[in-house]
Peer 1: 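Here you go, one structure.
All heavy atoms count here, side chains included; hydrogens, waters and symmetry mates do not. Small disclaimer: the values here were computed from a predicted structure and weren't measured.
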2 protein chains.
Amino acid sequence: MTIETAPLKTSSKYHHGNLRQSLLLAAKELIAEHGIEALSLRKLADKVGVSRTAAYHYFVDKNDLLCALAANGFKRWQTSLDQLSCNQLPDRDKFEQYVLAYIAFATNNPEEYELMFGRCIWKQSQCTVELQEISHTTFQHQVEMIDQWQSIGLINGDSSLRTAQVIWGTLHGIAKLFIDGVYNDVTRVEEIVISALPMFLAAKD
Amino acid sequence: MTIETAPLKTSSKYHHGNLRQSLLLAAKELIAEHGIEALSLRKLADKVGVSRTAAYHYFVDKNDLLCALAANGFKRWQTSLDQLSCNQLPDRDKFEQYVLAYIAFATNNPEEYELMFGRCIWKQSQCTVELQEISHTTFQHQVEMIDQWQSIGLINGDSSLRTAQVIWGTLHGIAKLFIDGVYNDVTRVEEIVISALPMFLAAKD
DNA sequence: CAATCAATCTTGACACTGTCAAAATACAAG
DNA sequence: CTTGTATTTTGACAGTGTCAAGATTGATTG
């Protein structure tokens, strides 16, 4: 199974080199393919070609590894947000883009999304400081976007924080109903979320 | 540990009597106290005072038991719905009651709610026919309520199905953000959901 | 009352999981 | 070459779901 039983000259790696990175990558693949709950440290170690407990030198826990994966997810989503906030579309379209981007991110990477916003990490409230910070930053960023749209008069609501929470709740809820399989026709998710847009947008005159 | 090692005259129960019911009750308690993922068939058997594999005579699976629990949850929620739909309040208040009842049900029984609407059961798409039916019935019931409110002109939207899905998505999303621990101040959930109400309600003239 | 039978429950076993402690290996610095 | 440190492995343990086979019971016959 493992290639390096007979040490070859090119790379007789007892030392793997960049095990931490490899573990994260392999874990991401395994999770994307078979779901979070199907990930075991032993299968992961097998896939990377390393022994069962090797991961414990880079992650204190299975939970710690999952937190690192989630943090990576937040970084990806953050760059999507940055990209979106610096384009030149009119505000209304920008808002629509934001909503669609959120749903696209969630449905295209359902397991990563579940890791970022699901109970697996947050319920046990044992999340890494790294994850704590990046997730907080991202949320803050989103609140600011909503805040600006609200000051423009594009979207409704009294408190911008409350509005942001409600909008987030709606997107999160719709996404999760599909991700978790309560709804099973994923092709309909865009329709639903678009039909939700008028609720947020202020009545145009 | 077990009382019935020495068979007493009162009840030398090798046969438990109503094991299925007892298992469901104990499982519900264990889950409510320690969460779904902490439930093991062996701890459950211990709590009921029976051997590890006894449950397999009443449930084909652990999944089957969880489905039965979820089905019970739907029955409870269904009766709440019935109770609500036959009261005499004005429609606007009735809608508000519905929204608050939904959130209350979710936050007061978070683990049961997770069982009913969470990935644990629906993702693997191995749900019992009983659960399939009762959940479908319940959802249908809710769509009808929304449908009526929409025909009255109380709430917005074009398609009543889409509107129901969006409203459900919003409630579900807000509830899940709290249940899963993404938000941790549960006392704020009512505020948020109330601030979401104007989005659904048609502008009053 | 005794024998038989089906329902009910238990025991044994297996593969799988996360994780700890101790050993083995490789590489770098002296 | 030796020593030390970073890295990886092996051994072990408790816990999990679940299958197959055996044990126990209450009911149903003759």
Side-chain angles (χ1 to χ4, degrees), chain A residues 1-24 26-27 30-31 34-69 115 120-121 123-124 126, chain B residues 1-24 26-27 30-31 34-69 115 120-121 123-124 126:
Chain A
M1 190 76 55
T2 52
I3 312 173
E4 55 276 1
T5 44
L8 305 175
K9 61 170 182 286
T10 59
S11 60
S12 76
K13 24 181 149 177
Y14 180 98
H15 286 52
H16 183 282
N18 50 353
L19 184 53
R20 192 191 144 95
Q21 212 64 12
S22 300
L23 285 170
L24 286 176
L30 280 179
I31 281 181
H34 304 106
I36 298 177
E37 34 277 313
L39 176 75
S40 80
L41 292 185
R42 306 168 101 109
K43 289 190 215 139
L44 176 59
D46 262 22
K47 178 169 172 123
V48 177
V50 89
S51 114
R52 326 164 226 132
T53 62
Y56 283 87
H57 207 262
Y58 299 95
F59 306 96
V60 323
D61 245 348
K62 183 182 183 181
N63 180 69
D64 193 33
L65 189 149
L66 294 178
C67 284
L69 281 177
L115 220 44
C120 170
I121 284 182
K123 188 71 191 293
Q124 4 260 335
Q126 275 178 335
Chain B
M1 191 76 55
T2 54
I3 312 175
E4 55 277 0
T5 43
L8 306 175
K9 61 169 183 282
T10 59
S11 60
S12 74
K13 26 180 147 179
Y14 181 98
H15 285 54
H16 183 283
N18 50 353
L19 184 53
R20 192 191 145 97
Q21 212 63 12
S22 300
L23 285 170
L24 286 176
L30 280 179
I31 282 181
H34 304 106
I36 298 177
E37 33 277 313
L39 176 75
S40 80
L41 292 185
R42 304 168 102 109
K43 289 188 214 138
L44 175 59
D46 262 21
K47 177 169 173 124
V48 177
V50 89
S51 114
R52 349 180 202 114
T53 61
Y56 283 87
H57 208 263
Y58 299 95
F59 306 96
V60 324
D61 245 346
K62 183 182 184 181
N63 180 70
D64 193 33
L65 189 149
L66 293 179
C67 283
L69 280 178
L115 220 44
C120 170
I121 285 183
K123 188 73 191 294
Q124 5 260 335
Q126 276 177 336

Peer 1: Between A:L24 and A:Y58, is any pair of side-chain heavy atoms under 4.5 Å apart?
Peer 2: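 The answer is no; the side chains never approach within 4.5 Å.
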Peer 1: Return the value, rounded to whole Å, for the distance between atom OH of A:Y56 and atom C1' of C:dA22.
Peer 2: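 The distance from OH of A:Y56 to C1' of C:dA22 comes to 16 Å, rounded to the nearest Å.
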Peer 1: What is the distance, rounded to the nearest whole Å, between atom CG of B:L41 and atom C1' of C:dC9?
Peer 2: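 The distance from CG of B:L41 to C1' of C:dC9 comes to 15 Å, rounded to the nearest Å.
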Peer 1: Please classify the nucleic acid contact of B:L39 as base, sugar-phosphate, or nothing, using heavy-atom distances under 4.0 Å.
Peer 2: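 Sugar-phosphate: the residue B:L39, judged by heavy atoms under 4.0 Å, touches backbone atoms but no base.
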Peer 1: Just how far, in rounded Å, is P of D:dG17 from CZ of B:F59?
Peer 2: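 Nearest whole value for this atom pair: 14 Å.
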Peer 1: Taking for each residue the nucleotide of DNA chain D bearing the nearest heavy atom, is the 5' side occupied by A:R42 or by A:A55?
Peer 2: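 This one resolves to A:A55.
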Peer 1: If we ignore hydrogens and angles and just use 3.5 Å, is the side chain of A:S40 paired with the main-chain N or O of A:K43 as donor and acceptor?
Peer 2: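 Such a contact is found between A:S40 side chain and A:K43 backbone.
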Peer 1: Would you mind reading off the distance between B:L44 atom CG and D:dT16 atom C1', rounded to a whole angstrom?
Peer 2: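 Interatomic distance, CG of B:L44 to C1' of D:dT16: 14 Å.
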Peer 1: Where each residue is assigned the nucleotide of DNA chain D containing its nearest heavy atom, which of A:R52 and A:Y58 is assigned the position nearer the 5′ end?
Peer 2: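 In this pair, the answer is A:Y58.
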Peer 1: Taking the side chain of B:S51 as its heavy atoms from C-beta onward, which of C:dA13, C:dT10, D:dC19 lies nearest to it?
Peer 2: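 Minimum distance to the B:S51 side chain belongs to C:dT10.
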Peer 1: Starting at atom CG of B:D46, determine the distance to atom P of C:dC9, rounded to an integer number of angstrom.
Peer 2: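 Nearest whole value for this atom pair: 16 Å.
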Peer 1: Take a 6.0 Å sphere around CD of A:Q124 and say whether it holds more than 12 heavy atoms from other residues, nucleotides or ligands.
Peer 2: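 Correct, the count exceeds 12.
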Peer 1: Rounded to the nearest 0.5 Å, how far does CG of A:D64 lie from NZ of A:K62?
Peer 2: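 Nearest 0.5 Å value for the NZ-CG distance: 13.0 Å.
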Peer 1: When rounded to the nearest 0.5 angstrom, what is the spacing between CG in B:L19 and NE2 in B:H57?
Peer 2: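 If we round to the nearest 0.5 Å, B:L19:CG and B:H57:NE2 are 10.0 Å apart.
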Peer 1: Taking only the side-chain heavy atoms of A:T53 (C-beta and beyond), determine which of C:dC9, C:dA21, D:dG17 contains the nearest atom.
Peer 2: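 Out of C:dC9, C:dA21, D:dG17, the nucleotide with an atom closest to A:T53's side chain is C:dA21.
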Peer 1: Nearest to the A:H57 side chain among C:dT11, D:dT18, D:dT8, which nucleotide is it?
Peer 2: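 Of C:dT11, D:dT18, D:dT8, D:dT8 is nearest to the side chain of A:H57.
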Peer 1: Between C:dT17 and A:K62, is there an OP1 or OP2 to side-chain N/O distance shorter than 4.0 Å?
Peer 2: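 For C:dT17, OP1/OP2 do not have a side-chain N/O of A:K62 under 4.0 Å.
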Peer 1: For the side chain of A:S40, counting heavy atoms from C-beta on, which of D:dT18, C:dC9, C:dT17 is nearest?
Peer 2: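 Between D:dT18, C:dC9, C:dT17, the one nearest the side chain of A:S40 would be C:dT17.
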Peer 1: Taking the side chain of A:V50 as heavy atoms from C-beta outward, which of D:dT9, D:dG17, C:dC9 is closest to it?
Peer 2: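 Looking only at side-chain atoms, A:V50 lies closest to D:dT9.
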Peer 1: For a quick test of reading the model: is some side-chain N or O of B:K43 closer than 4.0 Å to OP1 or OP2 of D:dG15?
Peer 2: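 Checking D:dG15 against B:K43, no side-chain N or O comes under 4.0 Å of OP1 or OP2.
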Peer 1: Separation of A:N18 atom CG from D:dT8 atom C1', in whole Å?
Peer 2: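 One finds 15 Å between C1' of D:dT8 and CG of A:N18, rounded.
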Peer 1: From CG of B:D64 over to P of D:dT18, roughly how many Å is that when rounded to an integer?
Peer 2: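 B:D64 atom CG is separated from D:dT18 atom P by 10 Å.
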Peer 1: Please state how far atom CG in B:D61 lies from atom P in D:dT16, giving the value in whole angstrom units.
Peer 2: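 To the nearest whole Å, that distance equals 17 Å.
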